[in-house]
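In what follows, a single structure is set out as structure tokens and then discussed.
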Amino acid sequence: MIDLASQASKYIYIVSGLPRSGTSMACRMLEAAGIPMVSDGLRKKDRHNPLGYFELEKVKRLKEDAAWVRGCKGRGLKVISHLLCYLPGGCTYKVVFMLRPLGQVIASQNKMLASMQKPHDPADTPFLISRFQDHLREVRLWMDEAPNMDTLFLDYPQVIAQPQKQSGLLADFIARPQAAQAMAGSVDPSLFRNQ
């Protein structure tokens, strides 16, 4: 018989994707499955993310210092997509990578920037979409080649529309089938505001 507890403790669970792609929701889903998220609480809940960001400030410095990540086995860590390549070798990762239509990502980012008095020029949207497309293509190619990464891609609108089905996929991926219902219950469709 496979010991799921010892199996889980060998992985570091990474939640990744572009900013505003549903990564905080994925963190809540992992927590609902009993996987503790490593965060420092420095970034507080706000109207853009009323259920929390699950961020850890040290993640922003992965390029300079990533050794501490090895101590996160059995726990979850939110790592934005452009920092994935700095995760240390010698660890085994289960990566939940959130996808969202790029127009929605940009609309959500623009709303947040506007609230911070940093309005974005809508004329830049096609350029940003092209850059994001290139970035996501490069990240996926890199992850395909990484021998220590097992990745599940989840589509944010699909998780909102089909929380039971998508939670089942995630529960199977993390080998916690009994947690599917709890994960589905953690999904809040009211937060899907930029469609």
Checklist entry - Does H135 have any side chain to side chain donor-acceptor pair (under 3.5 Å) partners at least two apart in sequence or in another chain, and if so, which? => result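 H135 satisfies side chain to side chain donor-acceptor pair (under 3.5 Å) with S81 only.
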
Please indicate whether [X] has more than 12 foreign heavy atoms, meaning atoms of other residues, nucleotides or ligands, lying under 6.0 Å from its [atom1].
| X | atom1 | result |
| --- | --- | --- |
| E145 | CD | no |
| Q133 | CD | yes |
| Y86 | OH | no |

Next on the checklist: Is there a side-chain contact (heavy atoms from CB on, under 4.5 Å) between L152 and F97? Walk through the geometry before answering.
Outcome noted: CA-CA 6 Å; L152 174 69; F97 197 101; over 6 Å; no

Could you tell me whether the side chain of [Y] reaches within less than 4.5 Å of the side chain of [X], counting heavy atoms only?
| X | Y | result |
| --- | --- | --- |
| V105 | P19 | no |
| M98 | M25 | yes |
| I35 | I174 | yes |
| V139 | M143 | yes |
| F54 | L77 | no |
| L18 | L102 | yes |
| R176 | Q178 | yes |
| M29 | L170 | yes |

Gap between atom [atom2] of [Y] and atom [atom1] of [X] - 0.5 Å precision:
| X | Y | atom1 | atom2 | value |
| --- | --- | --- | --- | --- |
| Q162 | D155 | CD | CG | 9.5 Å |
| D144 | M149 | CG | CE | 11.5 Å |
| M183 | Q164 | CE | CD | 10.5 Å |
| L87 | I12 | CG | CD1 | 7.5 Å |
| D40 | L56 | CG | CG | 5.0 Å |
| I160 | Q166 | CD1 | CD | 10.5 Å |

Item to check | side-chain contact (heavy atoms from CB on, under 4.5 Å) assessment of V79 paired with V15 | outcome: CA-CA 6 Å; V79 179; V15 172; over 6 Å; no

Next on the checklist: For a side-chain hydrogen bond (donor to acceptor under 3.5 Å, both in side chains) check, start with the C-alpha distance between K78 and S16, then their side-chain angles and the critical distance, and finish with the verdict.
Outcome noted: CA-CA 6 Å; K78 184 175 174 180; S16 193; over 6 Å; no

Next on the checklist: The test is side-chain hydrogen bond (donor to acceptor under 3.5 Å, both in side chains); show your working for S108 and R20 and say whether it passes.
Outcome noted: CA-CA 6 Å; S108 184; R20 312 304 296 166; 2.8 Å; yes

Checklist entry - Taking 4.0 angstrom as the limit, do D134 and R131 come out as a salt bridge? => result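 No salt bridge links D134 with R131.
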
Next on the checklist: Would K94 and Y13 count as a cation-pi pair here, with the cationic atom under 6.0 angstrom from the ring centre and within 45° of the axis?
Outcome noted: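 Not satisfied by the 6.0 Å and 45° rule.
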
Next on the checklist: Whether R140 engages the ring of F153 as a cation-pi pair (distance to the six-membered ring centre under 6.0 angstrom, angle to the ring normal within 45°) should be assessed.
Outcome noted: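 The answer is yes, since R140 meets both limits relative to F153.
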
Looking at every non-hydrogen atom in both residues, tell me the closest pair between [X] and [Y] and how far apart they are.
| X | Y | value |
| --- | --- | --- |
| D188 | R28 | N-NH2, 4.4 Å |
| A184 | P163 | CB-O, 3.7 Å |
| V96 | F173 | CG2-CE2, 4.2 Å |
| Y93 | V69 | OH-CG1, 4.0 Å |
| C72 | V38 | SG-CG2, 4.2 Å |
| K73 | R70 | CG-O, 3.8 Å |

Checklist entry - How far apart are the C-alpha atoms of V187 and V159, what are their side-chain angles, what is the distance that settles it, and do they pass the side-chain contact (heavy atoms from CB on, under 4.5 Å) test? => result CA-CA 8 Å; V187 175; V159 176; 3.9 Å; yes

Item to check | Cluster check Y156, L169: I/L/V/M/F/W/Y, side chain < 4.5 angstrom | outcome: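 Y156 and L169: separate clusters.
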
